[in-house]
Amino acid sequence: RNARELEEVMTRNARLGLPVRAWMSCDWVAVDEEQQAPGEYEAAYTRLMRAEPGSFFGDCLAERRVDLCESARVILLFNLDLDAEGEQKLCNGSLGLVVGEPTREEVAQALEAKLADLDQTVEGLREQASAAGAEEAAREALLGRVAYYDSYRTRLFKWVSNDPSGGGESLRHGGCWRSPSTLPKVRFDNGRELVILPVLLQSEVVGQGVCYRLQVPLRPAWAITIHK
């Protein structure tokens, strides 16, 4: 039903001259080289990058390509704001409606705010990691989170400004097809309206490494009912 409903909305929007956008994910892996036998790096990389059912990329809720248009009913796949009061929270499962595209200025403001937030988070984690008396295991865990946020920050800026339609390296960086610096704007059922930036999803495969996907955390939701 989701595919049929989305196609109907897209067809109507095409008649009205409203664009249909496609956002491509940025996918990559980090092989745990210490766990690999000599000469096994490429094999481990191939295993991590596979997209068959049962793998991270095959089963990831945030799909490799996300097609959306104005008036599309969507579901949020990631916790964006759990600190808001009451019904104003935005969490995995929140429903909303795509209300169009933000201006370039709105996109720039959203990106700037997110990058500043990531910088603040990384600074705080580094301070914790260097604190006197921190145990080695705790420091390693904190530095692992620093690496995660550093990677997110670097690839986020590239993803937003990139056009993946050029193929090759451009396709690997992800972003909005033929429309760089374009993001969806969603009005959620609780009344909040937000420019949706991509989020970084990850999954560790023990003994192999870590898989990453950077993508807008949305998908069509006409046929979805949420029970909380």
Side-chain angles (χ1 to χ4, degrees), residues 1-10 13-14 19-31 42-70 72-80 92-96 98 101 107 110-111 114 148 151-186 194-205 208-224:
R1 178 183 169 189
N2 282 331
R4 184 181 71 252
E5 295 276 9
L6 182 59
E7 183 178 358
E8 291 175 358
V9 172
M10 287 180 171
N13 284 4
V20 175
R21 300 300 188 194
W23 287 274
M24 303 300 296
S25 68
C26 174
D27 297 342
W28 74 97
V29 300
V31 176
E42 291 299 329
Y45 178 89
T46 300
R47 285 193 295 271
L48 289 170
M49 285 298 297
R50 66 191 183 92
E52 294 86 358
S55 68
F56 170 74
F57 294 118
D59 296 341
C60 188
L61 287 177
E63 297 177 335
R64 170 66 174 145
R65 171 173 171 162
V66 176
D67 292 306
L68 295 173
C69 62
E70 189 172 337
R73 184 75 168 153
V74 292
I75 185 171
L76 185 62
L77 306 174
F78 192 83
N79 295 329
L80 290 185
N92 182 4
S94 294
L95 295 166
V98 178
E101 296 178 0
V107 170
L111 179 59
K114 185 61 179 180
Y148 166 87
S151 184
Y152 183 16
R153 190 191 194 288
T154 300
R155 293 179 186 258
L156 172 62
F157 184 85
K158 181 66 176 177
W159 188 99
V160 172
S161 61
N162 186 56
D163 177 4
S165 67
E169 192 67 20
S170 294
L171 181 58
R172 285 190 287 274
H173 287 306
C176 188
W177 194 266
R178 294 180 177 173
S179 188
S181 297
T182 299
L183 295 169
K185 181 189 287 187
V186 175
L194 201 67
V195 175
I196 304 298
L197 287 159
V199 299
L200 182 56
L201 305 172
Q202 67 171 11
S203 178
E204 181 178 3
V205 181
Q208 300 294 318
V210 184
C211 303
Y212 298 94
R213 169 163 286 175
L214 183 66
Q215 179 61 294
V216 289
L218 299 171
R219 68 188 309 172
W222 281 282
I224 295 174

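Just so you know, these numbers use all the heavy atoms, side chains as well, and skip hydrogens, waters and symmetry mates.
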Review point. Measuring from Arg219:CZ to Arg73:CZ, what's the distance to the nearest 0.5 Å?
Key: 15.0 Å
Check your understanding: Which distance, rounded to the nearest 0.5 Å, do you find between the OG of Ser55 and the CZ of Arg47?
Key -> 13.0 Å
Where do [X] and [Y] come nearest, in terms of heavy atoms and distance?
X: Pro53; Y: Asp59; value: CA-OD1, 3.6 Å
X: Pro220; Y: Ile75; value: O-CG2, 4.4 Å
X: Pro164; Y: Gly174; value: CD-O, 3.9 Å
X: Cys26; Y: Arg155; value: SG-NH1, 3.8 Å
X: Leu201; Y: Phe56; value: O-CZ, 3.8 Å
X: Leu95; Y: Ala221; value: CD2-CB, 3.8 Å

Exercise for review: Take Leu61 and Phe78, measure what side-chain contact (heavy atoms from CB on, under 4.5 Å) needs, and give me the verdict at the end.
Suggested key: CA-CA 10 Å; Leu61 287 177; Phe78 192 83; over 6 Å; no
Under 4.5 Å between any side-chain heavy atoms of [X] and [Y], yes or no?
X: Asn162; Y: Ser170; value: yes
X: Leu218; Y: Leu76; value: yes
X: Leu68; Y: Arg21; value: no
X: Leu183; Y: Ile196; value: no
X: Trp159; Y: Leu197; value: no
X: Val199; Y: Leu80; value: yes
X: Trp28; Y: Val210; value: no
X: Trp177; Y: Asp67; value: no

**Study point:** Residue that, paired with Ser25, satisfies side chain to side chain donor-acceptor pair (under 3.5 Å) out of Gln215, Arg65, Arg64
**Key:** Arg64
Are the side chain of [X] and the backbone of [Y] linked by a donor-acceptor contact shorter than 3.5 Å?
X: Ser179; Y: Cys176; answer: no
X: Arg213; Y: Ala62; answer: yes
X: Tyr148; Y: Leu200; answer: yes
X: Arg178; Y: Asp163; answer: no
X: Trp23; Y: Thr182; answer: yes
X: Asp27; Y: Met49; answer: no

Exercise for review: Test Tyr152 against Gln202 for side-chain contact (heavy atoms from CB on, under 4.5 Å), laying out the working first.
Suggested key: CA-CA 11 Å; Tyr152 183 16; Gln202 67 171 11; over 6 Å; no
